[in-house]
Asker: 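Below: one structure in structure tokens.
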Amino acid sequence: MDGQSVPQEPGGFIPQTGLPSPAPSSASTRSIAGLPHPRGHSLLPGSNKEDMVRRYVEERLLNISRRYVKKFGNPNPGDTVVGFKSFSEVAKELDGLVNVLWKSGTPSLQIPFLLRLASDFTQYVRSFPPSTRSTFELLRKLDHCFASLLRGQDIDTNETLPGFENGLRAGMSTTDMVRCRSLVEQSRMLMVEILSTGDLDDEDDDEDDDMDGEESAAEASGNQTPTPWDINEERLHLDAARIYENTIVQLGERLGDPLGNENKLDTSTVCST
């Protein structure tokens, strides 16, 4: 939504600022992936709250699309839509929507919108230098969401998700699972291609500079033997290999057709570049 906020109803969870509010502070209510704890029950189909969330997410996705398009054009005076300058900005917007959808506890909203969001990710991420930290954080959240929705339980806490009290009927259809698998394969191969370029956004350069400074100081003081490899690069390879790892397992169990070896991420492709 361009510069507007959706009014919050009593008991609602959509932030008035346009971005999700912080998740509960209690560690027991927060997943390892950094997602907020979902509401206790799914929103009623056709209710005002369900419609409010649907409209909010649709408008936010439209605004993200507009900002993405603006990246390729010249800004007009007085234009309220500002183009993205880095993928970390895109990831922040998408990350906020993942939080809202997860907190809604409503599979009928979560499944179609998360699939759409994962699809949009594959388009947007191609157009910016890699912002690996924010990218992997977003992908970890999506992996948690998809794997949990496929299972009907939170994969970290084993809690039954709202909407799945009567089994997996509220979950992904076969069509949804096939689409999800296609997005998983596409995202994994795409990240190999992107990481192979070797170009990093400033977000990652700053992190690397801090790490390099710590390592140099340790080596100078004699506390550490220089490593024969780039630790940061190795970490990226490991993170790339884990993209959608939980979703792959759950898709294999549900479809009975795990990803074949020819479709699995080949980290040697990245390592050799």
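Every heavy atom of this structure was used, including side-chain atoms; hydrogens, water molecules and symmetry mates were not. For the single chain, residues carry numbers from 1 onward in sequence order.
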Asker: Of all the heavy-atom pairs spanning Arg39 and Pro162, show the shortest one and how long it is.
Answerer: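 Minimum heavy-atom contact is O-CG, 3.1 Å.
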Asker: Check Cys145 against Val98 and note the closest heavy-atom contact, atom names and distance.
Answerer: SG-CG1, 3.9 Å
Asker: What verdict does the side-chain contact (heavy atoms from CB on, under 4.5 Å) test give for Asp120 and Arg116, after you've listed the backbone C-alpha separation in whole Å, the side-chain angles of each residue and the deciding distance to 0.1 Å?
Answerer: CA-CA 6 Å; Asp120 288 348; Arg116 176 178 168 185; 4.0 Å; yes
Asker: Is Leu150 reachable from Val249 through a run of I, L, V, M, F, W or Y residues, each pair having side-chain heavy atoms under 4.5 Å apart?
Answerer: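 Not linked; separate clusters.
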Asker: Is the side chain of Ser88 donor-acceptor paired with the backbone N or O of Ser134 at a distance under 3.5 Å, no angle test?
Answerer: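 Looks like no, no N/O pair under 3.5 Å.
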Asker: With side-chain contact (heavy atoms from CB on, under 4.5 Å) as the criterion, how do Arg169 and Phe164 come out once you've worked through the C-alpha distance, each side chain's angles and the decisive distance to 0.1 Å?
Answerer: CA-CA 7 Å; Arg169 288 181 296 176; Phe164 289 88; over 6 Å; no
Asker: Is a donor on one side and an acceptor on the other found under 3.5 Å between the side chain of Ser47 and the backbone of Leu43?
Answerer: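 Not a single qualifying donor-acceptor pair exists.
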Asker: Side chains of Phe113 and Leu97: closer than 4.5 Å at any heavy-atom pair?
Answerer: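 Side-chain contact under 4.5 Å: no.
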Asker: Could you check whether any side-chain heavy atom of Pro38 comes within less than 4.5 Å of a side-chain heavy atom of Lys103, counting everything from C-beta outward?
Answerer: no
Asker: Minimum heavy-atom separation for Ser187 to Thr122, with atom names?
Answerer: OG-CG2, 3.5 Å
Asker: Would you find a donor on one side and an acceptor on the other, under 3.5 Å apart, between the side chain of Ser148 and the backbone of Ile155?
Answerer: yes
Asker: For Thr157 and Glu159, indicate whether the former's side chain and the latter's backbone hold a donor-acceptor pair under 3.5 Å.
Answerer: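 Answer holds: yes.
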Asker: Please tell me if the side chains of Pro107 and Ser42 come closer than 4.5 Å, counting only heavy atoms from C-beta onward.
Answerer: yes
Asker: What about His37 and Trp102, are their ring centers closer than 6.0 Å?
Answerer: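 So the answer is no for these two rings.
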Asker: Would you say Glu165's side chain and Gly163's backbone share a donor-acceptor pair under 3.5 angstrom?
Answerer: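 Side chain of Glu165 to backbone of Gly163: a pair is present.
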Asker: Of the non-hydrogen atoms in Gly171 and Ile111, which two are nearest, and what is the gap between them?
Answerer: C-CD1, 3.4 Å
Asker: Quick one: do Leu115 and Leu251 end up in the same hydrophobic cluster if we chain Ile, Leu, Val, Met, Phe, Trp and Tyr together by side-chain heavy atoms under 4.5 Å apart?
Answerer: yes
Asker: Working to the nearest 0.5 angstrom, can you tell me the gap between Lys71 NZ and Ser86 OG?
Answerer: 9.5 Å
Asker: Can a donor-acceptor pair be found, under 3.5 Å and without considering hydrogens, that links the side chain of Asp176 to the backbone of Ser173?
Answerer: yes
Asker: Before accepting this row, confirm whether a basic side-chain N of the pair Glu89/Lys85 lies closer than 4.0 Å to the acidic partner's carboxylate O.
Answerer: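 No.
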Asker: Is a side-chain donor or acceptor of Thr247 paired with a backbone partner of Asp143 at a separation under 3.5 angstrom?
Answerer: yes
Asker: I'd like to know whether Phe87 forms a ring-ring contact (aromatic ring centres under 6.0 Å, His included) with Phe121, so could you lay out the CA-CA distance, the side-chain angles of the two residues, the decisive distance to 0.1 Å, and finally the verdict.
Answerer: CA-CA 10 Å; Phe87 187 74; Phe121 165 85; 5.7 Å; yes
Asker: What's the separation between atom NZ in Lys70 and atom CZ in Arg67, rounded to the nearest 0.5 Å?
Answerer: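 The CZ atom of Arg67 is 12.0 Å from NZ of Lys70, to the nearest 0.5 Å.
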Asker: Is there a continuous path of hydrophobic side-chain contacts, each under 4.5 Å between heavy atoms, that joins Leu168 to Phe146?
Answerer: yes
Asker: Check step by step if side-chain contact (heavy atoms from CB on, under 4.5 Å) holds for Glu50 and Leu44.
Answerer: CA-CA 7 Å; Glu50 187 206 38; Leu44 293 176; over 6 Å; no
Asker: To the nearest 0.5 Å, what is the distance between OG1 (Thr174) and CG (Leu255)?
Answerer: 7.0 Å
Asker: Atom CG of Leu139 and atom CZ of Arg188: how far apart are they, to the nearest 0.5 Å?
Answerer: 10.5 Å
Asker: With no hydrogens and no angle check, is any side-chain donor or acceptor of Ser127 less than 3.5 Å from a backbone partner on Val125?
Answerer: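 A pair under 3.5 Å: no.
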Asker: Strictly distance-based, threshold 3.5 Å: is any side-chain N or O of Arg151 a donor or acceptor partner for the main-chain N or O of Gln153?
Answerer: no
Asker: Does any N or O in the side chain of Asn246 come within less than 3.5 Å of the main-chain N or O of His144, such that one atom is a donor and the other an acceptor?
Answerer: no
Asker: Can you tell me how far apart OH (Tyr244) and CD (Gln186) are? Round to the nearest 0.5 Å.
Answerer: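 If we round to the nearest 0.5 Å, Tyr244:OH and Gln186:CD are 10.0 Å apart.
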Asker: Do Phe84 and Phe72 have their ring centres less than 6.0 Å from each other?
Answerer: no
Asker: For residues Met172 and Cys180, determine if any side-chain heavy atom of one lies less than 4.5 Å from a side-chain heavy atom of the other.
Answerer: yes
Asker: First locate atom CG of Leu109, then atom CG of Leu114, and finally report the distance between them rounded to the nearest 0.5 Å.
Answerer: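 Between Leu109 CG and Leu114 CG, I get 9.5 Å after rounding to 0.5 Å.
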Asker: Under the side-chain contact (heavy atoms from CB on, under 4.5 Å) rule, what do Arg242 and Phe136 come out as? Steps first, then yes or no, please.
Answerer: CA-CA 9 Å; Arg242 296 188 183 113; Phe136 285 132; over 6 Å; no
Asker: State, yes or no, whether a side-chain contact exists between Leu183 and Ser119 at a heavy-atom distance under 4.5 Å.
Answerer: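 Yes, their side chains come closer than 4.5 Å.
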